Amino acid sequence: MTSGDDLSAERLRKRDLWVSRGHPAYPHHFPDRVPSAQIREDLKDTPPGGSREDLRRRVAGRLRAIRQHGKTAFIPLEDQSGEIQLFLRVDDLGEAEYARVLDVLDPGDIVGAEGVPTRTRRGEPSLRVLSLQLLAKAIRPPPEKWHGLKDPELRLRQRYVDLLSSPEVRRRFEARSAVIRELRTHLDGLGFLEVETPILNRTASGGLARPFRTHYNYLEEDFSLRIALELHLKRLLVGGFEKVYEIGKVFRNEDMDSLHSPEFTMLELYWAYSDYRDMMGLVEGLFPRLAGAAAPYLSPEKARELEEAFRPPWARLDFLEALEKESGTSGIMDRPREELVRWARDLGLAVREDSTVGTSLDKLFGHYVEPKLRRPTFVMDHPLETTPLAKRHREKPGRVERFELFYRGFELCNAYTELNDPDDQEARFRDQLRDRPKDALEGDEETYGYDADFVEALRFGMPPASGIGIGIDRLCMVLLGAESVKDVILFPPTRKPGSRGDVSAPP
RNA sequence: GGGCCUGUAGCUCAGUCGGUAGAGCAGGCGGCUCUUAACCGCAAGGUCCAGGGUUCGAAUCCCUGCAGGCCCGCCA
């Protein structure tokens, strides 16, 4: 009688009962409602046992429990603003109506109610209900009221159940939204223009990643989903826009773990007539604002910790100096490629025999330095080979003007003075192609794709500029204290369901 | 890709040495006019992830697979 199917059957029976009494099963609207928080506000100065007879309020939301006491009932109702208790009495509704209402209600149902704001004798802010209607019957029961939905698999596969049963989860995504809103407000205030550029591209470039492939029927060509926003935004600098940014999804056809999602949100920003030092100033101004936006959603201790951590100025480390110091080795730049590759491989780092100087140094840096960067730290002036889209350093030979921001051992953003010399850009693209491993498949390899049209754009003249990319998901992890990137993504990708929880099959 | 762990009622979880499957919540019936994880009584509810094997007998032991988690590796 109470297997899953039977629970649904019971709820359907109640819905039909409600309909058979002349009510619509799924009414079209519920006008003039106020947030439940308004009723709490109404009762701010009302003592226990008192009520606001001068008011009639309408609220709507999901029922979290039903506590029946014979001729009274207490029914906590939740909406986005919080919770308010519905207080039902035979004295208010009459025997018949009281029974009719309670006959059809279950936890999880969405109802609308009208009544008088009232504080119970115990002082709980409530709405003493004069009329109530079902707005949407929940055919499936909600998760256990005290523990909620714990199963990590179901929480991802059926995020809506996770959300409807856990205000804290909803709150985390409200916080994410608040952070992104603040990001926009801040950048708009600095005069940046938000733009949208194509997701489907002939060549996936501007980053180092394996792209998703798709077919564009109209153009009769295979396209890639973008792996970065960079090259289109720089085309806009050529076009005369001086401060632009985009917040959007990028797609990298790679593994997922607690720090990586194949589909993730990225901010990229380009700023004409500035260099990477100007950009550091922008970041130091931005992050404290974002920490401030996240603060109301955090414990006071966490909020203070963030505020202190991101108070500028932050530490600045020269890439090579840091690597030489932490590894206890000098003259790294003078060493031949083979020696660096051997060094990295001897440490057990995943570096191919035919790997480049840049990759080897990157891996060595990741091994020796990155884990130590707990407080916000700018790592600056990377070796040239690591970064084909950055401008050569004006003073340090063999290096580029670039910085990455590290915090708690992982990268939060990546910025550089942009390369705007078309000949240098063309040569650097070619170097990338040449260094590509011999067994790489065309279009399926992780390399900076050669974008000839981008080089052509540079030939029209791009102003000197700096640019930055910020991984929004990681940023939210840091600001909201999430352990996994899945915790800040509403609907992370999941594998085809196994034998449990298969909700993808049509009936 | 490697190692470890998990999968039992709609939900949260027990299940001993291999011997008929357990609780709480939710649901049903009854009681109760101020509860808030309401309470009290009664009855009901199972593809023990799937498939195979060992055994007189498997939720339990073995193998394979599926899904998930953690660590490592890979990957900006």
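What you see is a predicted model, and the numbers here were worked out from it, not measured in a lab. Chain A is the first sequence line, chain B the second, and so forth, proteins listed ahead of strands; every chain is numbered from 1.
Between B:rC17 and B:rC29, the distance separating the two C1' atoms is 41 Å to the nearest Å. Comparing the P positions of B:rC49 and B:rC11 gives a spacing of 13 Å, expressed to the nearest Å. Spacing between B:rU64 and B:rG27 at atom P, rounded to whole Å, works out to 44 Å. If you take atom C1' in B:rG45 and the same atom in B:rC25, they sit 14 Å apart, rounded to whole Å. For the C1' atoms, the distance from B:rG7 to B:rA59 is 11 Å, rounded to whole Å. Of the P atoms belonging to B:rA21 and B:rA50, the separation is 15 Å, rounded to the nearest Å. Nucleotides B:rU8 and B:rG46, compared at atom P, are 16 Å apart to the nearest Å. Taking atom C1' in both B:rA26 and B:rA38, one finds a spacing of 15 Å when rounded to whole Å.
Under the Watson-Crick or G-U wobble criterion, with both distances below 3.5 Å, B:rA59 is left unpaired in every strand shown. Pair check for B:rC39 finds B:rG31; Watson-Crick or G-U wobble, both atom distances under 3.5 Å. Applying the Watson-Crick and G-U wobble criteria (two distances, each under 3.5 Å), B:rC75 pairs with nothing in any strand. The partner of B:rU6 is B:rA67, judged by Watson-Crick or G-U wobble contacts that both fall below 3.5 Å.
Counting non-hydrogen atoms of neighbouring residues, nucleotides and ligands closer than 6.0 angstrom, the CD atom of A:E338 exceeds 12 such neighbours. Within a 6.0 Å sphere centred on CD of A:E53, heavy atoms belonging to other residues, nucleotides or ligands number more than 12.
Interface residues of residues 50-63 of chain A facing RNA chain B, ordered by number: none; criterion, heavy-atom separation under 4.0 Å. Contact check of residues 72-94 of chain A against RNA chain B (heavy atom, cut-off under 4.0 Å) returns A:T72, A:F74, A:Q85, A:F87, A:D91.
Candidate nucleotides B:rG68, B:rA38, B:rG27 were compared by shortest atom distance to the side chain of A:R157, and B:rG68 ranks first. In the set B:rG69, B:rU36, B:rG27, B:rU36 carries the atom at the smallest distance from any side-chain atom of A:E124. Of all nucleotides listed (B:rC34, B:rG27, B:rG73), B:rG27 comes nearest to the side chain of A:D106. Residue A:T120 has its side chain nearest to B:rC34 when only B:rC34, B:rC74, B:rA37 are considered. Comparing B:rC11, B:rA26, B:rU36 against the side chain of A:L154 picks out B:rC11 as the nearest. With B:rG28, B:rA26, B:rG69 as the candidates, the nucleotide lying closest to the side chain of A:K486 is B:rG69. Out of B:rG27, B:rA37, B:rA38, the shortest distance to the side chain of A:E10 is found at B:rG27. Among the nucleotides B:rG68, B:rC32, B:rG27, the one closest to any side-chain atom of A:Q68 is B:rC32.
As rounded to whole Å, 19 Å separates atom C1' of B:rG1 from atom CE of A:M256. Residue A:I227 contributes atom CD1, which lies 15 Å from atom P of B:rC75 at whole-angstrom precision. One interatomic measurement links the two molecules: NZ of A:K363 to P of B:rG73, which rounds to 10 Å at whole-angstrom precision. To the nearest angstrom, C1' of B:rC29 lies 16 Å from CG of A:L102. Going from atom CZ of A:R495 over to atom C1' of B:rG7 covers 17 Å, rounded to whole Å. For the pair A:E144 CD and B:rG27 C1', the interatomic distance rounds to 13 Å; values are reported in whole Å. Between the P atom of B:rA9 and the CG atom of A:L7 lies a distance of 13 Å, rounded to the nearest Å. To the nearest angstrom, P of B:rG69 lies 14 Å from CD of A:E483.
Sorted pairs that involve residues 138-149 of chain A and meet salt bridge (Lys or Arg N to Asp or Glu O under 4.0 Å), not counting sequence neighbours, are lacking altogether. Here side chain to side chain donor-acceptor pair (under 3.5 Å) pairs that include residues 484-494 of chain A, with residues two or more places apart or in two chains, are A:R157-A:T494. Among residues at least two apart or in separate chains, there is no ring pair (Phe, Tyr, Trp, His ring centres under 6.0 Å) pair with a member in residues 247-268 of chain A. For residues 93-115 of chain A, the pairs satisfying salt bridge (Lys or Arg N to Asp or Glu O under 4.0 Å) are A:R11-A:D109, A:K14-A:D106, A:R21-A:D103, A:R58-A:E114, A:E97-A:R100, A:D106-A:K137, A:D109-A:K137, with sequence neighbours left out.
Side-chain rings of A:F74 and A:F87 approach one another, their centers coming within less than 6.0 Å.
For a distance-only test at 3.5 Å, the side chain of A:H69 fails to qualify as a donor-acceptor partner of the base of B:rC34.
Nearest-nucleotide positions on RNA chain B place A:S258 closer to the 5' end than the other of A:S258 and A:D255. Each of A:K145 and A:R11 has a nearest nucleotide on RNA chain B; the 5'-most of these lies closest to A:R11.
The aromatic rings of A:H393 and A:Y276 stand perpendicular to each other, their planes meeting at an angle above 60°, with 30° marking the opposite boundary. Taking the six-membered ring for Trp and thresholds of 30 and 60 degrees, A:F310 and A:Y407 have ring planes inclined between 30 and 60 degrees apart.
Applying the side chain to side chain donor-acceptor pair (under 3.5 Å) criterion to A:Q38, with sequence neighbours excluded, gives A:D42. Looking at residues two or more places apart in sequence or on another chain, you find a side chain to side chain contact (heavy atoms under 4.5 Å, CB included) between A:I110 and A:R62, A:L135, A:A136. Not a single side chain to side chain donor-acceptor pair (under 3.5 Å) links A:D45 to another residue, sequence neighbours left out.
Residue-level contact check: A:G108 touches neither bases nor backbone, having no heavy atom under 4.0 Å from any strand. Within 4.0 Å of A:D257, counting heavy atoms only, lies at least one base atom of the nucleic acid.
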